[in-house]
Number of protein chains: 2
Amino acid sequence: MRTKLLDRAEELARSRGFDAFSFADLARHAQIAKPSVHHHFATKAKLSQALILRYNERIADALTEIAETSATPRRCLERFVDLYREAAQDGQALCLCVAFSAGRSSLDDDVLDALAAFHTGVLGWLRAALSAHGRPEREAESVLALVEGAQLMARASVDIARFDAATAPFVASLAQQG
Amino acid sequence: MRTKLLDRAEELARSRGFDAFSFADLARHAQIAKPSVHHHFATKAKLSQALILRYNERIADALTEIAETSATPRRCLERFVDLYREAAQDGQALCLCVAFSAGRSSLDDDVLDALAAFHTGVLGWLRAALSAHGRPEREAESVLALVEGAQLMARASVDIARFDAATAPFVASLAQQG
DNA sequence: GTCTATAGATTGATAGAC
DNA sequence: GTCTATCAATCTATAGAC
C-alpha cells in the first residue's frame with residue numbers, strides 16, 4: 001500500500017508539478033479512505049521526503065548499473081542522457097528532482113537536504129564518467145543542467161524532439177573523442 | 001494597480017512556484033479587497049496569460065537591446081547568460097518560463113501557446129547570435145536548456161555558484177573563438 | 001490498518017451595493 | 001473600481017470507533 005501511494009504521488013508530481021498531488025487523489029487511486037493515507041504518511045512533508053529518498057536510491061542504482069555494464073566511457077555518458085530522456089516520458093513529465101526544484105514546498109528543510117544529496121550523487125557519478133572519457137570533470141554541472149533544462153523545454157512544448165535537439169550537440173561531441 | 005498585481009504575482013510564481021500565488025495574497029499586497037482583483041483579472045488563467053505575455057515582451061526587448069549594444073558576438077552571448085543569471089536572483093528564483101514549465105497550470109492552452117512563443121522567440125535570437133559568432137545554429141536549444149537547467153540547480157541548492165559552474169564551460173568556449 | 005465524521009483553513013469565484 | 005458578504009470546493013489533518 002505504501003508503495004502504491006508513493007507510485008501515484010510520484011506520477012502526479014512529475015507530470016503535473018509538485019503541488020498537484022493531494023491526499024484525496026492518492027486515496028482514490030489506492031481505493032482507501034482519505035484519512036487512511038495519514039496512517040502511512042503522517043504529513044505531506046513526510047510523504048515528499050519519502051518520495052525523493054526513494055527516487056534517490058532508484059537513480060543511484062540505475063547509474064551504478066550503467067557504469068558497470070557500459071562497454072565504453074562514451075556509451076556510459078550516452079546512456080546517462082538516455083536515462084533523462086526516458087524520464088521525460090515524451091515531454092509529459094519531469095525528473096522528480098526537477099519537479100521539486102521548481103515547486104514551492106521544496107523549501108522544506110528535509111526535502112531540500114534530500115535534493116542536495118541527489119545532485120551531489122549525480123554530479124559525482126558524472127565527474128567519474130567524464131574523467132574516464134577524457135573530458136574535464138568540471139563539465140559535470142553543465143551536463144546535468146543540460147539534461148534537466150532539456151526536460152523542461154520538452155515539457156513546455158510537450159514534444160520530446162526538443163530534448164533531442166538540446167542534447168544532440170553534447171552527444172555528438174562524445175563521438176568525436178573516445 | 002494592474003501592474004502592481006502582476007508584479008506581485010510574478011514575484012511569487014518565480015520564487016515559490018507557479019501555484020504559489022493566490023488572489024488573497026495579491027489583494028493583501030496591493031491593499032485592496034480580494035474580490036477586487038477579479039475586476040482586473042477575471043480568472044486565474046487570464047492572470048497567468050497576462051503574466052507570461054508581459055514577460056515575453058520584456059525579455060524580447062532585453063534581447064533586442066543586447067543585440068544592438070554588444071560590441072562583439074561573443075559579448076552578446078555572454079550577456080545572454082548574464083540575463084538568465086540575474087533572473088535567478090542568487091538562486092532564489094527562476095525565469096517565469098521555467099516556473100511555468102514545471103507547474104501544473106501550464107497545461108492551460110493559452111498559457112501553453114504563450115510559453116511556446118517565448119521559446120520560439122528566444123531560440124530565434126540565439127540562432128542569430130550563435131551564427132554571428134561562427135558557431136552552428138543548432139546549438140541554440142542546447143544553450144537555452146543549459147541556462148534554464150542552471151537556474152534550476154541554483155535554486156535547488158539556493159546557491160548561484162551552481163549556475164556559474166554550469167555555464168562556465170560554455171562561456172569559456174566563447175572566449176576560444178571570436 | 002481501515003473506517004466515518006469532522007475540524008479549520010484556504011482556494012477561486014460571484015452577487016450586488018456604493 | 002472598490003467594497004462587504006458569501007459560496008462551493010478543496011485542502012491537510014485529527015479524533016475515535018471497529
Side-chain angles (χ1 to χ4, degrees), chain A residues 1-54 96 99-100 102-112 114-115, chain B residues 1-54 96 99-100 102-112 114-115:
Chain A
M1 178 55 70
R2 208 184 129 93
T3 302
K4 203 180 221 173
L5 293 170
L6 283 174
D7 286 347
R8 177 64 174 168
E10 182 179 324
E11 180 189 334
L12 288 173
R14 290 177 53 188
S15 65
R16 295 184 353 214
F18 174 77
D19 294 320
F21 73 91
S22 70
F23 278 45
D25 196 306
L26 304 187
R28 201 178 314 126
H29 199 256
Q31 288 178 308
I32 59 174
K34 192 170 62 161
S36 301
V37 181
H38 286 274
H39 172 76
H40 302 276
F41 305 98
T43 66
K44 198 175 181 180
K46 293 276 184 189
L47 204 172
S48 307
Q49 199 184 348
L51 213 51
I52 194 146
L53 286 177
R54 187 182 73 152
L96 185 67
F100 270 58
R104 143 173 68 173
S105 306
S106 53
L107 297 176
D108 220 72
D109 274 353
D110 289 331
V111 177
L112 235 143
L115 214 56
Chain B
M1 178 56 71
R2 209 184 129 93
T3 302
K4 203 181 218 174
L5 293 170
L6 283 174
D7 286 346
R8 177 63 174 168
E10 182 179 325
E11 181 189 334
L12 287 173
R14 290 177 53 190
S15 65
R16 294 185 353 215
F18 174 77
D19 294 319
F21 72 92
S22 70
F23 279 46
D25 196 304
L26 303 187
R28 201 178 313 126
H29 198 256
Q31 288 179 308
I32 59 174
K34 191 170 68 158
S36 302
V37 181
H38 286 275
H39 172 75
H40 301 277
F41 305 97
T43 65
K44 197 174 182 181
K46 293 275 185 190
L47 205 173
S48 306
Q49 201 184 346
L51 212 51
I52 193 148
L53 287 177
R54 187 182 73 152
L96 185 67
F100 270 58
R104 143 174 66 175
S105 306
S106 51
L107 297 176
D108 220 70
D109 274 354
D110 289 330
V111 177
L112 236 142
L115 214 55

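We name chains A, B, ... by the order of the sequence lines, and we start the count at 1 in each one. Atom set for the values below is all heavy atoms of this structure, side chains included, hydrogens, waters and symmetry mates excluded.
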Check each of B:L51, B:L47, B:V37 against B:L5 using the side-chain contact (heavy atoms from CB on, under 4.5 Å) test, and report the only one that passes. B:V37
Distance in angstrom units between A:R28 CZ and C:dC3 P, rounded: 14 Å
Counting distance only, does the side-chain N/O of B:K44 pair as donor-acceptor with the main-chain N or O of B:S22 below 3.5 Å? no
Could you tell me the separation between the CD atom of B:Q31 and the P atom of D:dG1, rounded to a whole number of Å? 18 Å
Counting the atoms with a prime plus P, OP1 and OP2 as sugar-phosphate, which does A:F41 contact under 4.0 Å by heavy atoms, base, sugar-phosphate, or nothing? nothing
Sugar-phosphate only, base, or nothing, as touched by B:S22 at under 4.0 Å among non-hydrogen atoms: sugar-phosphate
Please state how far atom CZ in A:F23 lies from atom P in C:dG8, giving the value in whole angstrom units. 19 Å
Under-4.0 Å side-chain N/O to phosphate OP1/OP2 contact, B:S36 with D:dG1: no
B:K34 NZ - C:dT14 C1' separation (whole Å): 12 Å
Whole Å only: how far is the CZ atom of B:R2 from the C1' atom of D:dT2? 17 Å
Separation of B:H40 atom NE2 from D:dG1 atom P, in whole Å? 6 Å
Residues A:R54, A:E10; criterion salt bridge (charged side-chain N to carboxylate O under 4.0 Å, His left out); working and verdict: CA-CA 10 Å; A:R54 187 182 73 152; A:E10 182 179 324; 2.9 Å; yes
Just the rounded figure in Å: distance from P of C:dA13 to CG of B:L47. 10 Å
Which of the following nucleotides, C:dC3, D:dC3, D:dT2, is nearest to the side chain of B:P35? D:dC3
Picking from C:dG12, C:dT4, D:dC11, the nucleotide nearest the side-chain atoms of A:A33 would be C:dT4
If only side-chain N and O atoms of A:H38 are considered, is one of them under 4.0 Å from the OP1 or OP2 phosphate oxygen of C:dT2? no
Give the rounded distance in Å between these two atoms: CZ of A:F21 and C1' of D:dT12. 12 Å
Between A:K44 and B:H39, whichever has its closest DNA chain D nucleotide further toward 5' is B:H39
Check whether any side-chain N or O of B:S36 sits under 3.5 Å from a backbone N or O of B:I32 as a donor-acceptor pair, and report yes or no. no
What nucleotide among C:dT2, C:dA13, D:dA13 has an atom nearest to a side-chain atom of A:I32? C:dT2
When every non-hydrogen atom of B:F18 is compared with those of B:A99, the smallest separation belongs to CB-O, 3.9 Å
